[in-house]
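Everything on this sheet refers to the single structure shown next.
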Amino acid sequence: MEANYKKIGKNIKAIRNAKGMTQAELAERSDLSAVYIGYIENAKKQASLSALISIANALEVGMDNLLVGQEKHVDLFADTTERQRKIVCDIIKAVKDILEQNNI
């Protein structure tokens, strides 16, 4: 089975956008260059395994999300602005904290 680098790049971009993160922010968090992130997202370069692991860690997702995707969640953000996505992510984090505090 061969890796689909277009799909991987699309998944990385979708997850990054859903988290309200810029390429520069992802690059800084993954210790990669923003240019390299752009190349990966646009399938102009094939990411190494170590780069994919760094990206997954920086995005706080599993490798499966990068390789297979999480379309059902990303579709919710298809027509939102970056600011709206950040607000939604902040709300989700707050709800998650409340659920954890109440052992739910």
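Worth knowing before you read on, the calculation uses all heavy atoms, side chains too, and leaves out hydrogens, waters and symmetry mates.
Side-chain atoms of Asn42 never come within 3.5 Å of backbone atoms of Lys44 as a donor-acceptor pair (strictly under, hydrogens ignored). Judged by distance alone, the side chain of Lys19 and the main-chain N or O of Cys89 form no donor-acceptor pair under 3.5 Å.
Rounding to the nearest 0.5 Å gives a distance of 14.5 Å between CD1 of Ile98 and NZ of Lys93. Interatomic distance, OG of Ser54 versus CG of Leu26, reported as 9.5 Å (0.5 Å rounding). Here the straight-line distance linking atom OG1 of Thr22 with atom CD of Glu28 works out to 9.0 Å at 0.5 Å rounding. How far OG of Ser30 is from CD1 of Ile12: 9.0 Å, rounded to the nearest 0.5 Å. Within the model, atoms CD1 of Ile92 and CG of Asp97 stand 12.0 Å from one another, a figure rounded to the nearest 0.5 Å.
Taking a 6.0 Å sphere around OH of Tyr39, one finds it holds 12 or fewer heavy atoms contributed by other residues, nucleotides or ligands. Surrounding CG of Asp31 are at most 12 heavy atoms belonging to other residues, nucleotides or ligands under 6.0 Å away. Heavy-atom contacts from other residues, nucleotides or ligands closer than 6.0 Å to CD of Glu25 number more than 12.
Heavy-atom minimum distance, Gly20 versus Lys86: O-CE, 3.1 Å. Here the shortest heavy-atom pairing between Ile55 and Leu66 reads CG2-CD1, 4.2 Å. Across every non-hydrogen atom of Ala27 and Ser33, the tightest pair is CB-C, 3.5 Å. The shortest heavy-atom contact between Ala34 and Gln23 is O-OE1, 4.0 Å.
Under a 4.5 Å side-chain heavy-atom cut-off, the cluster of Ile, Leu, Val, Met, Phe, Trp and Tyr residues that includes Ile87 is completed by Ile91, Val95, Leu99, Ile104.
With salt bridges taken as basic N to acidic carboxylate O contacts below 4.0 Å, one links Arg16 and Glu41.
Partners of Lys96 according to the side chain to side chain donor-acceptor pair (under 3.5 Å) rule, which considers only residues two or more places apart in sequence or in another chain, are Glu100.
Hydrophobic clustering (ILVMFWY, side-chain heavy atoms < 4.5 Å, transitive): Val61 and Leu52 are in one cluster. A chain of hydrophobic side-chain contacts below 4.5 Å, direct or via other Ile, Leu, Val, Met, Phe, Trp or Tyr residues, connects Leu67 to Leu59.
No option in Lys45, Gln46, Lys10 other than Gln46 meets the side chain to side chain contact (heavy atoms under 4.5 Å, CB included) test with Tyr5.
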Verify side-chain contact (heavy atoms from CB on, under 4.5 Å) between Met63 and Leu49, making sure each step is shown before the conclusion. CA-CA 10 Å; Met63 286 287 287; Leu49 179 59; 4.0 Å; yes
